[in-house]
Amino acid sequence: APPLQDVDNQELENLLSSLPKERGIIPSYSYQYQGFWYSPITLQGIINCQKYFQPRENDIFLVTSPKSGTTWLKAILFALVNREAHPPQDPHHPLLSKTPHQLVPFLEFLHPSEYDSLCNSSDSSSRIFATHISLGTLPKAITGDSGSLNCKIVYLCRDIKDTFVSLFHFGNNKKTSPISLEDAFNLYCKGISSAGPIWDQILGYWKESQKNQHKVLFMRYEEMKDEPYLQLRRLANFLGIPFSQEEESSGLVDQIISICSFESMTKVDVNKTGTFVDGFNNSSFFRKGVVGDWKNCLTADMASRLDQITEEKFRGSGLSL
Ligand code: A3P
């Protein structure tokens with residue numbers, strides 16, 4: 001049975017009062033839990049899923065850092081997994097009437113009673129969730145006691161400078177707690193950002209993807225932009241639902257890419273209007289959708305500081321961003 005909200009609130013209060021607290025970039029305050037910074041709402045969701053989430057064998061988890069292209073990959077995953085029930089050219093395709101966040105919800109924003117009722121995959125035994133939670137904080141029911149993952153994880157990352165700039169603009173979309181570029185930048189460099197330090201979050205999944213290639217697929221925003229066809233095929237293969245000859249020659253892959261493109265998605269009414277949670281507009285998840293926009297926002301010094309941190313953090317890991 002789902003937990004009683006009151007019990008959870010008391011537990012959350014107790015937890016929050018025991019955790020390090022700092023000003024956050026987007027929420028007013030961030031709390032450090034198991035080495036990573038989260039908002040109170042997210043922490044509530046984390047406690048809930050750590051306790052109550054029961055994975056199914058074919059569940060798919062999309063993991064990202066905020067602003068690395070989550071919304072885009074949610075759409076891609078939904079369209080890919082459900083391509084038989086909902087061909088991408090269907091004029092009534094769910095992506096034309098619902099936001100990617102409605103179709104593929106964040107695990108940490110769901111109430112436990114919604115885990116089981118979620119039915120967003122044509123294979124009714126599996127579900128697609130997204131999350132920003134770090135690997136070590138994912139429910140043990142997913143990661144397994146011995147670290148042997150019970151579900152497939154698709155991890156998406158993006159150039160750190162672009163991710164930061166996207167986050168800064170996103171935060172300032174919400175008029176209630178604006179933050180200066182300089183303050184946001186300093187917090188980010190210290191690792192104090194939603195699900196940050198971003199480097200540690202990425203490294204956790206990167207290492208797991210190296211150890212466990214059948215369970216974790218490591219993807220990059222820039223590669224999706226550069227070679228979407230190849231990346232989509234890679235994703236389909238990883239999920240065990242490869243494109244057939246027939247599908248490839250019918251143009252299905254291009255149709256999925258097209259329905260999920262920035263241009264198409266920003267034309268859909270539901271993505272232009274309405275709100276997500278916490279006062280954010282659905283439209284704020286679509287800004288420019290390009291690679292390298294950091295050049296219009298960061299000074300050369302800021303860029304090289306971020307690059308330097310990235311280089312130091314990733315040294316020896318085989319990963320470069
Ligand atoms: P920018 O702010 O750089 O434009 P998230 O979904 O993780 O919150 O990430 C949001 C970022 O992804 C934003 O980046 C947004 O514009 C971009 N984005 C959203 N939809 C996209 C799409 N279909 N194709 C490419 N980028 C997209």
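Both ligands and their constituent atoms are indexed starting at 1 by order of listing. FYI, the numbering just counts along the sequence from 1. Being a predicted model, the structure only gives us computed values, none of them experimental.
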Using a 3.5 Å cut-off on N/O to N/O, what pairs does ligand 1 make with the protein? A line per pair would be great.
from, atom 1, to, atom 2, distance (Å)
ligand 1, 2 (O), Ser166, OG, 2.6
ligand 1, 2 (O), Arg287, NE, 2.7
ligand 1, 2 (O), Arg287, NH2, 3.4
ligand 1, 3 (O), Arg158, NH1, 3.3
ligand 1, 3 (O), Arg158, NH2, 2.9
ligand 1, 3 (O), Arg287, NH2, 3.3
ligand 1, 4 (O), Lys288, N, 2.7
ligand 1, 4 (O), Gly289, N, 2.7
ligand 1, 6 (O), Thr70, N, 3.2
ligand 1, 6 (O), Thr71, N, 2.8
ligand 1, 6 (O), Thr71, OG1, 2.5
ligand 1, 7 (O), Lys67, N, 3.0
ligand 1, 7 (O), Ser68, N, 3.2
ligand 1, 7 (O), Gly69, N, 3.1
ligand 1, 7 (O), Thr70, N, 2.8
ligand 1, 7 (O), Thr70, OG1, 2.5
ligand 1, 8 (O), Lys67, NZ, 2.6
ligand 1, 9 (O), Gly69, N, 3.3
ligand 1, 14 (O), Arg158, NH1, 3.2
ligand 1, 14 (O), Ser166, OG, 3.3
ligand 1, 16 (O), Arg287, N, 2.9
ligand 1, 16 (O), Gly289, N, 3.3
ligand 1, 23 (N), Cys260, O, 2.9
ligand 1, 23 (N), Phe262, N, 3.3
ligand 1, 26 (N), Tyr221, OH, 2.8

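- Between Glu247 and Arg83 there is a salt bridge, with a side-chain nitrogen of the basic residue lying less than 4.0 Å from a carboxylate oxygen of the acidic one.
- With salt bridges taken as basic N to acidic carboxylate O contacts below 4.0 Å, none links Lys267 and Glu263.
- Annotation: side chain to side chain contact (heavy atoms under 4.5 Å, CB included) contacts of Ser117 (sequence neighbours excluded): Glu114.
- Checking Phe276, Phe262, Phe280 one by one against Phe285, the ring-ring contact (aromatic ring centres under 6.0 Å, His included) holds for a single residue, Phe276.
- The side chain to side chain contact (heavy atoms under 4.5 Å, CB included) search around Arg305 returns Phe185, Asn186, Cys189, Ile309, not counting sequence neighbours.
- Residues satisfying the ring-ring contact (aromatic ring centres under 6.0 Å, His included) criterion with Trp294, sequence neighbours excluded, are absent altogether.
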